[in-house]
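Just follow the structure's listing: the first ligand is 1, and inside any ligand the first atom is 1. All values below come from the heavy atoms of this structure, side chains included, with hydrogens, waters and symmetry mates left out.
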Amino acid sequence: MKLLYLGTAAAEGIPALFCECEACQRARALRAKGVRSRAGAVVDGILKIDFGPDSYRQMLDNGLEYAKMHSVLITHAHEDHLAPDELAYRRGVFAHIVTEPKLMTVYGNARVGEKLAGKTGEMLAFEPFSSFETKQIEGYRVTALEAAHCLSEDKPTFPVTCRGKEWHRSEEAFIYLIEKEGKRLLYAHDTDELSPKDLEYLRGKRLDLVSLDCTNGVLVSRWVGHMGADLNRKVKNDLLSIGAADEKTVFVANHFSHNGFPGTEEIQALLPDFLIAYDGMEVEF
Ligand SMILES: [Zn+2]
Ligand SMILES: [Zn+2]
Ligand SMILES: [Zn+2]
């Protein structure tokens, strides 16, 4: 399996749209080399993960052909992971698709379905996923696990346990376990540390690649609902202790914010045994 990282920043990008902080100015000075676009990835050039506002530019930069892709897994409906208006360009006079089948199916939670309402049809379909459900998609076995993300303490919806506490979520956010021919990928963006239910599900299932949210970067556990380098290390240890990882498992830190990202070297120093994702990085495992 191959995982290609198309975008490796949090919602506002690096450099962030309107930001003049030190990290953003440094990234701006580096031009293309400093850019981290909004989250997205593709497995084996076939299975798209998330479709955010930078999908157009990512298509150009990586020589992708979205007409030839038929399945998109959406992690959650935050605007950096789902740009419904961009997906709508698959329809009508906006796209003359020759490749069969013409239909692209978007998988996600109920909120994703709501955001795609009025945009689906002959070329674009929505199929709901729920937590701990498994589907066969493009020859992969895909399981939606629960993400500790979109957290709130007041709304009585979609409970999840995280940092030793019960939370509710404004939507049923997912991380995805993707399996094929004995290989396993865990794509965990956006999320806080893995929930006890996720860890139970993953017990004894050895993962080959684990991609972890690192939005907090060098800031120790600042924002709940995301991880930083400290929690990336904790999750690695959690997975090792339940037999879901071993010394051969590749760990990647990804989804960075300018608020906790002084630079790649600073993150690498905190996570010496991790790959630090960048736009265009491909990992084969
Ligand atoms: Zn995000
Ligand atoms: Zn900034
Ligand atoms: Zn998010």
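The neighbour count for Arg206 CZ, taken as heavy atoms of other residues, nucleotides or ligands under 6.0 Å away, is above 12.
The atom name of the N/O/S atom in Asp80 closest to the Zn ion (ligand 1) is OD2. Summary: OD2 is the N/O/S atom of Asp190 found nearest to the Zn ion (ligand 1). Summary: ND1 is the N/O/S atom of His258 found nearest to the Zn ion (ligand 2). Taking the Zn ion (ligand 3) as reference, the nearest N/O/S atom within His76 carries the name NE2. Looking at His255 and the Zn ion (ligand 1) together, the shortest N, O or S contact belongs to NE2. Checked against the Zn ion (ligand 3), the N, O or S atom of His149 at the shortest distance is NE2.
For the Zn ion (ligand 3), the N/O/S atoms of His189 include none lying under 2.8 Å. When distances to the Zn ion (ligand 3) are checked against a cut-off of 2.8 Å, His78 contributes an N, O or S atom below that limit. Because the distance cut-off is set at 2.8 Å, His81 fails to qualify as a neighbour of the Zn ion (ligand 3), as none of its N, O or S atoms comes that close.
Angle subtended at the Zn ion (ligand 2) by Cys19 SG and Cys24 SG: 120°, rounded to 10 degrees.
Annotation for Thr215 and Ser257: closest pair O-CB, 3.5 Å, computed over non-hydrogen atoms.
Taking the six-membered ring for Trp and thresholds of 30 and 60 degrees, Phe129 and Phe174 have ring planes more than 60 degrees apart, a perpendicular arrangement. Ring geometry, His149 versus His76: the interplanar angle exceeds 60°, so the pair is classed perpendicular (tilted spans 30 to 60°).
Each of Lys135, Glu138, Glu127 was scored for a side chain to side chain donor-acceptor pair (under 3.5 Å) with Ser71, with one residue passing: Glu138.
His226 and Asn216 are not linked by any side-chain donor-acceptor pair at a separation below 3.5 angstrom, with hydrogens and angles left out of the test. Under the 3.5 Å distance criterion, with hydrogens and angles disregarded, a donor-acceptor pair is assigned to the side chains of Asp190 and His255.
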